[in-house]
Structures are given as structure tokens and as C-alpha cells.
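To start, the structure under review is shown below, and the notes come after it.
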Amino acid sequence: MSSRKCIGKKTDGEPCGRWAVKGATVCPSHGGNAPQVRRRAAVRAELESWGLDAETVDPGETLLRLLSQAAARADRYAAAVQRLVDEQGLEAALVGDTLVVDQEGNTRKVGEYVRGLAQLEAQERDRAAKFSHLAIQAGLAERQVRLAERQTSLVEKALLATLEDLGMSDDQQQQAFGRLAHHLRLIA
């Protein structure tokens, strides 16, 4: 059961009052069963279960941040394991937790220590895969496209206003937009 009431309105304009779908802001009657609402609600519910349900927290941004952290940790663990295996050899590194004294008298850990790092790496890779899956379910790629489209629209409006402020004719403005489009294609 959800912990919030539906934000929808009844036909008379009064608040709905029913419980929202878990992780969503609306009940089934107000769109809570729509596939896109269900997908986003699942992500929001997962984040809420982690205690990340503050209104100021964007679930998509949080999910991407968690994904980045898990991937970075997995890479660090993998590098540490590889370093130890390169220094000590695979068999020495993965058999039993023992301390070894090398020819120079330096003591180093082998065995279970390395196996533990390998296990942490695997767990972080699994975590990163889970976050990736949740990000796809949440439609973050679509969201990024919409954000880019909005940013493009804002830049276009700002440029148009600037050209008008400079007193450019419609023909000059069209030429300026054409040149801008040309240069943007070159950059891309």
C-alpha cells in the first residue's frame, strides 16, 4: 500500500482521496496503472525503500549517481585484484589467506584477501547492472532526449531574441540560424 494520497481530482473538482499506487502520485483511476507510470513508480518505490524519498531528490539523477558509484567501485576492486595477481601470480593470490614474506623481507597478504576483493568487484558489477536495468525501466534515455530538446529550444529562443535586439531583419536572422546549424553539424 502507498503512503500517499492520489493527487488527482474527482469530476466535481474535489481531491480524489484514494491511495496512490506504490511509488506513484496517482491512484489506478487517475493513471496509476499506465505502463510509464508503473515503470517510474517502481524506481521511485525502490529508492524510497532505500530511504531516498525526499521530495527534492530526483529518482533518475539518484539512480544514475548510484550506477556511476557502483561501476567506479567495481573498477577499483578489479584493478586491486589485478595488481595483486600481477605481483603474486594467480595461484598464490587465490589459495588460502596467508601472509607471505618475499625475498626483500616485505610481508603481503594473499588468498582470502584477494578472493574478498574479487567478490566485492562481482557484487558491485551486479549492482551496476541492476541500476542500469532500473535506469532503462525508468526511461532515463527518453528523459535525456526531452531535456536536450528543451535546452535546444531555450537556446533557439535566446538566439532569436538576441538577433531581434540587434535589429537584424528576418532574412538576416534566417541566415544566422543557417550558419549556426552549419557550425553545430561541424562540431557534432
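- Put simply, CD on Glu124 and CG on Asp75 are 10.5 Å apart, with the number rounded to the nearest 0.5 Å.
- Shown here for Ala24 and Val37, the closest heavy-atom pair between the two residues is CB-CG1, 4.0 Å.
- Using a 3.5 Å distance cut-off with no hydrogens or angles, the side chains of Thr25 and Arg4 do not pair a donor with an acceptor.
- Between the CZ atom in Arg73 and the CD atom in Gln123 there is a gap of 11.5 Å [rounded to 0.5 Å].
- Ser29 has its side chain out of reach of Cys16: every pair of non-hydrogen atoms, C-beta onward, lies at least 4.5 Å apart.
- Residues Trp19 and Cys27 come closest through the heavy atom pair O-CB, 3.4 Å.
- Not a single donor-acceptor pair under 3.5 Å links the side chain of Ser153 to the backbone N or O of Glu149.
- Of the inter-residue distances, the one linking Ile187 atom CD1 with His183 atom NE2 reads 8.5 Å to the nearest 0.5 angstrom.
- Of all non-hydrogen atoms in Gly17 and Lys5, the two that sit nearest each other are O-NZ, 3.0 Å.
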With a 3.5 Å cut-off and sequence neighbours excluded, list the donor-acceptor pairs that the side chains of residues 169-180 form with protein atoms.
residue : atom : partner : partner atom : Å
Ser169  : OG   : Gln172  : N            : 3.2
Ser169  : OG   : Gln172  : OE1          : 3.4
Gln172  : OE1  : Ser169  : N            : 2.9
Gln173  : NE2  : Met168  : O            : 3.1

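- The minimum heavy-atom distance between Glu121 and Ala74, with the atom names listed, is CG-O, 3.5 Å.
- Note: the hydrophobic cluster containing Leu166 also contains Leu159 (ILVMFWY, side chain heavy atoms under 4.5 Å, direct or indirect links).
- With rounding to the nearest 0.5 Å, the separation of CD in Glu14 from CG in Asp12 is 5.0 Å.
- Here His30 contributes atom NE2 and Ile7 contributes atom CD1; the two are 9.5 Å apart, rounded to the nearest 0.5 Å.
- To the nearest 0.5 angstrom, Arg18 atom CZ is 11.0 Å from Lys10 atom NZ.
- For the residue pair Pro28 and Asn33, the shortest heavy atom distance occurs at CB-ND2, 3.3 Å.
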